[in-house]
Amino acid sequence: MKKRVAILGSTGSIGTQALEVIQAQSDAFEVEVLTAHSNADLLITQAIAVQPNAVVITQEDLYDKVRDALASHPIKVYAGLNAVSSVVQMDTVDIVLTAMVGYAGLLPTIKAIEAGKTIALANKETLVVAGQLITDLAKAKAVNIYPVDSEHSAIFQCLTGEFHNPIEKIILTASGGPFRGKDRTFLETVTRAQALKHPNWEMGAKITIDSASLMNKGLEVIEAKWLFGLQNNQIEVIVHPQSIVHSLVQFEDGSLKAQMGLPDMKLPIQYALGYPNRLKSNYPRFNFMDYPQLTFEKPDLETFQNLGLAFAAMERGGNAPCVLNAANEVAVAAFLREEIGFLEMSDLISDCLNKVAYIANPSLDDYIQTDQEARRLAQERVHA
């Protein structure tokens with residue numbers, strides 16, 4: 001039986017690569033749902049190509065455009081964020097790939113878990129914002145969450161066959177981004193264009209800026225805590241500029257297992273969708289002679305303060321990671337609009353962490369209100 005896949009965020013970097021995977025593995029998968037925020041043209045092109053059961057455009061003023069373009073096809077067309085939360089519950093969906101950007105992925109993921117759908121998680125913010133709530137709900141509903149981030153996929157792959165063996169620690173690798181080795185004086189004047197040039201990965205604008213500031217690694221640290229049931233002191237970060245070792249697990253006997261490969265997101269996407277099977281692919285193969293040296297170094301937390309802020313938010317717990325995520329989303333958007341400088345992003349996030357009221361055991365409503373309050377404060381600081 002083919003797995004029927006809903007792709008939330010099909011027009012983004014992960015979504016477009018997921019479609020490539022599904023089309024290359026057409027014996028194993030078929031597309032049931034596609035959703036996009038505002039890229040109506042690409043959504044229409046994708047829908048005509050793969051003929052899903054339904055599509056959703058969350059920017060509601062684009063509904064007529066999508067509906068009219070697909071009128072001659074047997075494809076249901078919906079609009080709005082609430083529609084995303086509805087379509088993931090359809091009986092015809094087996095697995096939901098959550099590739100929406102940011103906080104917007106939280107409620108659809110909750111609805112998919114409540115409906116008992118397997119989750120392929122590319123939206124790390126869901127676990128950053130509400131890790132306890134999501135993992136408790138998944139456990140209650142007996143829902144598996146398979147990671148799509150390359151680092152978490154690496155940990156997951158290293159743990160296959162080892163689930164009875166306790167983890168001593170995990171080591172997440174980071175490329176260091178385009179500004180590895182630079183000091184704060186240099187970072188004061190970096191431009192949007194410079195920050196969007198990642199040395200190893202092709203990604204969307206938001207995650208590329210997060211990678212440049214090391215916030216992406218901070219978000220991944222918090223995500224890993226919840227995905228793998230870890231204590232805060234069991235997670236380390238090491239900078240690995242070549243992005244060949246995707247992450248490592250150290251077990252209690254001291255042995256380390258690493259997952260390696262070329263930096264290609266189609267591999268972890270395919271692994272999450274196909275688990276527990278490894279499907280044959282024609283992707284380029286790694287050659288050690290192309291990478292005669294693999295190097296590792298400590299992250300520079302003084303220059304790249306976002307990673308330290310993420311560790312601190314994780315340590316504090318409660319709604320602090322939710323504040324971190326909301327403030328960061330506002331900060332990145334402001335930087336991309338060239339309203340604030342690169343280093344000002346960290347200042348803005350730190351300010352919000354200090355000012356938003358702390359809640360030790362937040363409910364879903366608390367998370368929603370925390371997100372709104374942190375965004376309001378962050379916007380005020382941007383426009384002060």
Side-chain angles (χ1 to χ4, degrees), residues 9 12-14 98-106 109 119-135 145 147-156 170-177 195 198 201 203-228 230 232 234-239 243 246-247 265 268 299 301 304-333 335-336 342 345-346 348-350 352-353 367 370-371 374-375 378:
S13 176
I14 296 293
T98 61
M100 299 170 73
V101 175
Y103 174 84
L106 176 62
T109 304
I119 305 296
L121 187 69
N123 173 257
K124 62 178 68 68
E125 291 87 353
T126 291
L127 286 178
V128 171
V129 169
Q132 188 74 64
L133 185 154
I134 293 293
T135 50
I145 300 177
V148 170
D149 274 339
S150 62
E151 295 81 2
H152 302 89
S153 177
I155 301 298
F156 183 46
I170 67 167
I171 302 169
L172 299 177
T173 56
S175 70
H198 195 281
W201 297 93
M203 305 177 292
K206 196 267 181 182
I207 191 172
T208 304
I209 300 302
D210 280 346
S211 294
S213 73
L214 291 196
M215 178 57 86
N216 188 54
K217 204 54 49 180
L219 300 178
E220 288 176 359
V221 165
I222 301 171
E223 181 185 9
K225 170 191 170 80
W226 297 110
L227 273 174
F228 305 113
L230 301 170
N232 297 336
Q234 288 181 289
I235 309 169
E236 291 184 11
V237 171
I238 193 81
V239 174
S243 297
H246 295 304
S247 280
M265 280 306 301
L301 298 184
F304 298 93
Q305 296 179 357
N306 279 356
L307 181 54
L309 290 172
F311 269 107
M314 179 177 68
E315 193 68 40
R316 194 175 190 202
N319 66 336
C322 180
V323 175
L324 176 94
N325 179 73
N328 180 63
E329 289 190 17
V330 172
V332 170
F335 175 74
L336 286 169
F342 189 82
M345 291 192 290
S346 298
L348 183 154
I349 295 161
S350 178
C352 289
L353 283 167
Y367 285 126
T370 294
D371 178 80
R375 287 175 193 275

Exercise. Does the Thr208 side chain pair with the main chain of Gly204, one donor and one acceptor, at a distance under 3.5 Å?
Worked result: yes
Exercise. Which distance, rounded to the nearest 0.5 Å, do you find between the CG of Leu219 and the CG of Asn328?
Worked result: 6.0 Å
Problem set entry | Pairwise distance OG1(Thr135) to CG(Leu127) - rounded to 0.5 angstrom | 7.0 Å
Problem set entry | Identified side-chain contact (heavy atoms from CB on, under 4.5 Å) counterpart of Glu151 within the set Glu220, Lys124, Glu223 | Glu220
For this session: Test side chain to side chain contact (heavy atoms under 4.5 Å, CB included) on Ser350 and Leu309 and set out the steps.
Result: CA-CA 7 Å; Ser350 178; Leu309 290 172; 4.1 Å; yes
Problem set entry | Minimal non-hydrogen separation, Ala224 against Leu230, with atom names | O-CD1, 3.8 Å
Exercise. For the atom pair CD1 (Ile155) and CG (Leu172), what is the distance rounded to the nearest 0.5 Å?
Worked result: 5.5 Å
Exercise. Which heavy atom of Pro147 sits nearest a heavy atom of Phe228, and at what distance?
Worked result: CG-CZ, 4.5 Å
Seminar exercise, completed: dist Asn306:CG -> Asp210:CG (nearest 0.5 Å) comes out at 8.0 Å
Exercise. Which atom pair, heavy atoms only, marks the closest approach of Ala122 to Asp149?
Worked result: O-OD1, 4.3 Å
For this session: Could you tell me the separation between the SG atom of Cys322 and the CD1 atom of Ile222, rounded to the nearest 0.5 Å?
Result: 10.5 Å
For this session: Indicate the atoms forming the closest heavy-atom contact of Arg375 with Ala326, along with that distance.
Result: CG-CB, 4.0 Å
Problem set entry | Evaluation steps, side chain to side chain contact (heavy atoms under 4.5 Å, CB included), between Met215 and Leu324 | CA-CA 10 Å; Met215 178 57 86; Leu324 176 94; 3.7 Å; yes
Problem set entry | Residues forming a side chain to side chain donor-acceptor pair (under 3.5 Å) with Ser175, sequence neighbours excluded | His198
Problem set entry | Partner residues of Phe342 under the ring pair (Phe, Tyr, Trp, His ring centres under 6.0 Å) criterion, sequence neighbours left out | Phe179, Phe335
Problem set entry | Minimum side-chain heavy-atom gap Phe311-Val237 below 4.5 Å | yes
For this session: State, yes or no, whether a side-chain contact exists between Met100 and Glu125 at a heavy-atom distance under 4.5 Å.
Result: no
Problem set entry | Check: Thr173 main-chain N/O paired with Lys217 side-chain donor or acceptor under 3.5 Å | yes
For this session: Enter the distance from Ile207:CD1 to Ile209:CD1 here, rounded to the nearest 0.5 Å.
Result: 11.5 Å
For this session: Flag the pair His152 / Leu121 as yes when at least one side-chain heavy-atom distance between them is below 4.5 Å, and no otherwise.
Result: no
Problem set entry | Nearest heavy-atom neighbours spanning Met345 and Ser213 | CE-CB, 4.3 Å
For this session: Could you give me the CA-CA distance, side-chain angles and deciding distance for Ile134 and Leu106, then say whether side chain to side chain contact (heavy atoms under 4.5 Å, CB included) is met?
Result: CA-CA 9 Å; Ile134 293 293; Leu106 176 62; 4.0 Å; yes
For this session: Return the minimal non-hydrogen interatomic distance between Pro299 and Leu214, and the atom names on each side.
Result: CB-CD1, 4.4 Å
Problem set entry | Under 3.5 Å: donor-acceptor pair, side chain of Asn123, backbone of Gly102 | yes
Problem set entry | Heavy-atom side-chain proximity of Val129 to Asp371 below 4.5 angstrom | no
